Protein chains: 2
Amino acid sequence: MNNKYDELDYIIQFCSCANIRKAARTVTQAFEKQMQSTGLKVTQYYMLVNIARHKEITVSELGEIMLLEQSTATRNINILKNNGYVSITKAKDDLRTKYISITDLGLEKLEEATPIWLNIQTKIEDNLGKDKFNDLIKSLNILQESIE
Amino acid sequence: MNNKYDELDYIIQFCSCANIRKAARTVTQAFEKQMQSTGLKVTQYYMLVNIARHKEITVSELGEIMLLEQSTATRNINILKNNGYVSITKAKDDLRTKYISITDLGLEKLEEATPIWLNIQTKIEDNLGKDKFNDLIKSLNILQESIE
DNA sequence: ATCAAATATATGTATATACATATATTTCAT
DNA sequence: ATGAAATATATGTATATACATATATTTGAT
């Protein structure tokens with residue numbers, strides 16, 4: 001590096017963490033804005049999708065497939081529960097375990113939000129172009145694998 | 001789509017928001033882990049870099065260049081201030097405005113953390129390969145531009 | 001000069017996130 | 001059968017984030 005400012009400029013421009021976090025903020029806000037009418041946050045929507053995909057799923061399983069810390073999973077699930085979108089039942093064979101399932105109200109919300117999700121998602125895919133979009137997803141996956 | 005589950009699977013696999021957020025979590029944790037010894041969070045480090053880059057910068061300017069909501073900027077700055085890494089002075093010509101500058105202690109922290117940052121950053125760049133890394137950064141930027 | 005509008009920052013509230021630790025329950029070695 | 005270890009979830013604490021709103025100050029129209 002030539003001098004201190006060049007180094008700072010390099011960090012500012014290329015920090016992989018800051019770049020990804022910034023992109024995450026931007027994309028999140030775009031989704032939030034469009035989904036606002038549903039009252040669902042995009043994170044809640046995505047979690048609901050994952051819960052709907054499985055008839056019943058435990059807190060920790062959900063955490064694992066979504067790569068969320070267990071305590072984060074617990075807290076995010078509770079928000080869905082408080083809104084009546086999921087129900088929680090104790091497993092009979094193991095009282096520590098809790099099964100999460102989507103409720104009818106949750107399914108309604110899901111159906112309300114999915115067209116909106118599709119709309120933004122399609123716009124993003126179109127704006128980037130299919131190739132660049134696929135590359136992006138691939139790069140993000142490789143990035144994560146390269147870290148573990 | 002063939003059926004409901006195919007649609008859910010599509011969302012789960014390709015949601016641009018969830019993909020980016022997941023990558024952000026993973027990368028953030030990698031940085032946090034390595035930087036733990038410094039007591040600096042990666043977000044704090046990056047903000048400190050941005051503050052150091054400018055002799056004096058206002059809260060809102062910092063928010064603008066980092067693409068952070070003003071209230072988020074305020075709160076993140078306060079954490080740095082409470083740790084003594086930045087000082088805050090009121091502008092004499094406009095008492096609403098506050099100038100943020102890095103302190104000596106902040107500079108020390110910065111110098112302590114930068115080699116660690118460089119280490120992780122280099123590892124990530126190397127693991128992905130220069131081309132893929134550059135593509136990723138480019139894709140993230142295009143993505144954001146395509147949204148605004 | 002005054003008062004409304006604009007601007008800069010702060011605060012209230014809520015979600016998303018993780019780490020450390022606590023609690024409840026099950027499993028396993030003896 | 002019992003107690004230690006393992007496991008599943010919850011809670012305490014802290015940061016990062018945004019939106020809505022409040023507060024303080026400046027600017028600008030009259």
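Each chain gets a letter, A, B and so on, in the order the sequences are listed, and its residues count up from 1. This is a predicted model, so every value here is computed, not measured.
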Roughly how many Å is it from [atom1] in [X] to [atom2] in [N], rounded to a whole number?
{"X": "B:R25", "N": "D:dT17", "atom1": "CZ", "atom2": "P", "value": "14 Å"}
{"X": "A:K98", "N": "C:dA24", "atom1": "NZ", "atom2": "C1'", "value": "10 Å"}
{"X": "B:I88", "N": "C:dA8", "atom1": "CD1", "atom2": "C1'", "value": "13 Å"}
{"X": "A:D94", "N": "D:dT9", "atom1": "CG", "atom2": "P", "value": "8 Å"}
{"X": "B:M35", "N": "D:dA16", "atom1": "CE", "atom2": "P", "value": "12 Å"}
{"X": "B:I77", "N": "C:dA10", "atom1": "CD1", "atom2": "P", "value": "8 Å"}
{"X": "A:R21", "N": "D:dA18", "atom1": "CZ", "atom2": "C1'", "value": "14 Å"}
{"X": "A:K22", "N": "D:dA18", "atom1": "NZ", "atom2": "P", "value": "12 Å"}

| request: Give the ring-plane orientation class for B:W117 versus A:Y10, where under 30° counts as parallel, over 60° as perpendicular and anything between as tilted. | output: perpendicular

| Is any side-chain N or O of A:N76 closer than 4.0 Å to OP1 or OP2 of C:dT15? | no

| query | Would you say A:K33 reaches D:dA18's phosphate, i.e. side-chain N/O to OP1/OP2 under 4.0 Å? | reply | no

Where the side chain of [X] is concerned, which of [options] is the nearest nucleotide?
{"X": "A:Q70", "options": "C:dA10, D:dA10, D:dT25", "result": "D:dA10"}
{"X": "B:T74", "options": "D:dT17, C:dT11, D:dT11", "result": "C:dT11"}
{"X": "A:S71", "options": "C:dA18, D:dA8, D:dC19", "result": "C:dA18"}
{"X": "B:R75", "options": "C:dT13, C:dT17, C:dT26", "result": "C:dT13"}
{"X": "A:L68", "options": "C:dT17, C:dT9, D:dA10", "result": "C:dT17"}

| request: Check side-chain contact (heavy atoms from CB on, under 4.5 Å) between A:N19 and all other residues, then give those that pass, not counting sequence neighbours. | output: B:I137, B:L140, B:N141

Atom [atom1] in [X], atom [atom2] in [Y]: separation rounded to 0.5 Å?
{"X": "A:E61", "Y": "A:I100", "atom1": "CD", "atom2": "CD1", "result": "10.0 Å"}
{"X": "A:L67", "Y": "A:L62", "atom1": "CG", "atom2": "CG", "result": "11.5 Å"}
{"X": "A:H54", "Y": "B:L8", "atom1": "NE2", "atom2": "CG", "result": "10.0 Å"}

| query | Base, sugar-phosphate, or nothing for A:T72, non-hydrogen atoms under 4.0 angstrom? | reply | base

| task | Using a heavy-atom cut-off of under 4.0 Å over every strand shown, decide if A:T58 touches base, sugar-phosphate, or nothing. | result | sugar-phosphate

| request: Starting from the 5' end of DNA chain D, give me the residue, B:K90 or B:E32, whose nearest nucleotide shows up first. | output: B:E32

| task | Please name the residue in the list B:L40, B:V42, B:T38 that meets the side chain to side chain contact (heavy atoms under 4.5 Å, CB included) test with B:I116. | result | B:T38

| Partner of B:I11 by side chain to side chain contact (heavy atoms under 4.5 Å, CB included), out of A:L110, A:T114, A:N50 | A:T114

| Check: A:Q70/A:T74 side-chain N/O donor and acceptor closer than 3.5 Å | yes

| said: Below 4.0 angstrom, which residues in residues 39-51 of chain A have at least one non-hydrogen atom near DNA chain D? | reply: none

| Which parts of residues 78-87 of chain B get close to DNA chain D, meaning a heavy atom less than 4.0 angstrom away? | B:I79

| message | Enumerate the salt bridge (Lys or Arg N to Asp or Glu O under 4.0 Å) contacts for residues 112-127 of chain A, please, sequence neighbours excluded, ordered by first and then second residue. | response | A:K109-A:E112

| Which residue pairs pass the salt bridge (Lys or Arg N to Asp or Glu O under 4.0 Å) test with at least one member in residues 88-107 of chain A, sequence neighbours excluded? | A:D94-A:R96

| said: Donor-acceptor check, side chain of A:S139 to backbone of A:D135, threshold 3.5 angstrom: yes or no? | reply: yes

| Are A:N76 and A:Q44 close enough that some pair of their side-chain heavy atoms sits under 4.5 Å apart? | no

| Below 4.5 Å, heavy atoms only, C-beta onward: do B:Y99 and B:I88 meet side chain to side chain? | no

Between the protein and nucleotides 2-7 of chain D, which nitrogen or oxygen pairs come in under 3.5 angstrom?
residue, atom, partner, partner atom, Å
D:dT7, O2, A:R96, NH1, 2.5

